[in-house]
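I have placed the structure first, in the form of structure tokens, so that the comments after it can refer back to it.
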Amino acid sequence: MSASQHMPLFEVFIRSKRGLDHRHVGSLHAEDHQQALEYARDCYTRRSEGVSIWVVRSSDIVASQEEDAAAFYDPMDDKPYRHATHYQLPDEVNNM
Amino acid sequence: MTERTIGNEELLRRFQERIDAEQRIEPKDWMPEAYRKNLIRQISQHAHSEVIGMQPEGNWITRAPTLRRKAVLLAKVQDEGGHGLYLYSAAETLGITREELVEALHEGRAKYASIFNYPTLSWADIGAIGWLVDGAAIVNQISLQRTSYGPYARGMVRICKEESFHQRQGYEIMLALANGSPGQKAMAQDALDRWWWPSLMMFGPHDAESAHSAQSMQWKIKRQSNDELRQKFVDQTVPQAEFAGLRIPDDKLVWNAGRGHYDFGEIDWDEFNRVIAGNGLCNRQRLAHHVRAHEEGAWVREAMHAYEEKKRQRQSRDAA
């Protein structure tokens with residue numbers, strides 16, 4: 001079997017309970033989405049860990065790189081006023 | 001058993017059972033058409049409010065009294081735009097597009113919070129909006145963190161977390177003015193006088209007269225009634241006004257020890273209805289501004305499409 005025949009990789013996301021976001025739990029190889037969904041059920045929810053599964057082709061995920069962190073997040077570091085704790089209020093009204 | 005083989009009544013029974021058991025409804029679940037419609041109306045109205053709400057505050061960004069106040073106000077208005085995005089996205093999970101939602105706003109079929117039809121006349125209004133308008137919105141949104149529709153509830157959690165600074169920065173402005181010169185204190189009092197009643201109107205009509213309330217409560221879209229939430233807001237805000245040495249413009253406002261709540265006067269419902277009907281001080285201006293910004297942004301959207309198209313063509317040429 002040549003490398004080009006490897007089944008594509010899928011990322012698996014599980015919603016553990018209604019009302020919660022799907023969370024990434026891992027990945028697996030499968031021929032298509034339907035198969036990935038069934039494998040995910042077998043691999044990741046053997047103990048009823050979830051109420052809903054998402055599968056996404058890994059190649060469809062676009063991710064930022066850690067090397068980009070500075071360009072992405074530096075501008076936020078000098079804006080402490082975006083946090084509630086930045087505003088000092090007297091004790092009498094501090095439960096706002 | 002699939003959904004096709006069981007009747008609507010049975011689906012409805014299971015839907016209500018799920019809600020009664022405090023479970024959330026998620027996008028791909030079966031839901032009554034009226035639940036979907038009701039949610040689209042409420043969430044999109046909420047989204048439009050966030051975005052239209054950027055206008056009265058944006059009015060003061062260039063005239064904020066210090067660089068710090070300007071940076072804070074800019075960050076707050078930016079947050080409101082982000083909150084609009086979270087809410088539009090939640091509405092879109094119900095099978096409606098962003099374009100349809102914006103079109104409904106522009107054609108006057110969708111509403112937004114009436115409070116944003118009042119003008120911001122002085123810098124103190126920025127303090128009053130953060131303190132009172134965001135304060136009232138937070139009371140409502142804390143309650144909505146437990147709304148029955150999952151994406152809406154999760155959006156509320158995120159918004160509440162981010163919004164905690166909005167009210168504090170507003171109160172900080174009011175406190176600085178209230179402790180300033182007599183002229184500054186008068187400015188703060190004037191802003192409170194003008195924003196107090198519209199803030200109470202934000203919670204909507206009395207429970208008995210609220211068109212959507214009973215069904216929304218049964219479906220747990222709303223978790224607390226308009227009057228309950230309004231009372232909560234009054235109870236928490238009166239001590240804050242007292243601490244700042246400002247007077248709430250209501251002669252009937254008095255602590256009721258028996259109830260354990262403040263009693264307060266009646267809202268001017270004629271004014272409420274007038275503003276909702278489109279005849280507030282700034283209704284036309286707010287909508288016209290939104291339409292204009294949307295139209296003036298058309299070339300950006302077109303340019304983005306054109307660039308994508310060019311990239312696609314280049315890729316298929318290279319692949320060939």
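First the proteins, then the strands, lettered A, B, ... as listed; each starts at 1.
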Task: B:Lys161 atom NZ, over 12 foreign heavy atoms within 6.0 Å - done: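 At most 12 heavy atoms, drawn from other residues, nucleotides or ligands, come within 6.0 Å of this atom.
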Inter-residue atom distance [X].[atom1] - [Y].[atom2], 0.5 Å rounding:
X: A:His29; Y: A:Tyr39; atom1: NE2; atom2: OH; answer: 11.5 Å
X: A:Phe10; Y: A:Glu31; atom1: CZ; atom2: CD; answer: 8.5 Å
X: B:Tyr149; Y: B:Ile25; atom1: OH; atom2: CD1; answer: 9.5 Å
X: B:Cys160; Y: B:Gln141; atom1: SG; atom2: CD; answer: 5.5 Å
X: B:Met174; Y: B:Gln169; atom1: CE; atom2: CD; answer: 11.5 Å
X: B:Arg223; Y: B:Asn140; atom1: CZ; atom2: CG; answer: 13.0 Å

With chain A as the partner, which of [options] has the greatest number of non-hydrogen pairs under 4.5 Å?
options: B:Arg154, B:His166, B:Gln240; answer: B:Arg154
options: B:Ser164, B:Ala71, B:Pro239; answer: B:Ala71
options: B:Lys76, B:Gln236, B:Arg68; answer: B:Arg68

Task: Aromatic ring pairing B:Trp196/B:Phe233, orientation class (parallel under 30°, perpendicular over 60°, tilted between) - done: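 Ring orientation, 0 to 90° scale: parallel.
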Members of [range] whose heavy atoms come closer than 4.5 Å to chain B:
range: residues 41-60 of chain A; result: none
range: residues 88-96 of chain A; result: A:Gln88, A:Leu89, A:Pro90, A:Glu92, A:Val93, A:Asn94, A:Met96
range: residues 13-20 of chain A; result: A:Arg15, A:Arg18, A:Gly19, A:Leu20

Any donor-acceptor pair under 3.5 Å from [X] side chain to [Y] backbone:
X: B:Asp235; Y: B:Tyr262; answer: yes
X: B:Lys185; Y: B:Leu246; answer: no
X: B:Arg168; Y: A:Tyr87; answer: yes
X: B:Glu50; Y: B:His46; answer: no

TODO: Mind checking ring pair (Phe, Tyr, Trp, His ring centres under 6.0 Å) for A:Tyr81 and listing every partner two or more places apart, or none if nothing turns up?
DONE: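 With sequence neighbours excluded, A:Tyr81 shows a ring pair (Phe, Tyr, Trp, His ring centres under 6.0 Å) to no residue whatsoever.
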Open item on the list: Under 4.5 Å from any heavy atom of chain A, what part of B:Ala153 do you find: side chain, backbone, both or neither?
Closed with: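 Neither part.
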TODO: Examine whether an atom of B:Leu175 lies under 4.5 Å from a heavy atom of chain A, and if so say whether it belongs to the side chain, the backbone or both; otherwise answer neither.
DONE: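 Contact with chain A is through the side chain of B:Leu175 alone.
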TODO: Under the side chain to side chain contact (heavy atoms under 4.5 Å, CB included) rule, what do A:Gln35 and A:Met7 come out as? Steps first, then yes or no, please.
DONE: CA-CA 11 Å; A:Gln35 203 179 61; A:Met7 287 186 281; 4.1 Å; yes
Task: Verdict with supporting geometry, A:His24 and A:His22, side chain to side chain contact (heavy atoms under 4.5 Å, CB included) - done: CA-CA 7 Å; A:His24 185 241; A:His22 284 78; over 6 Å; no
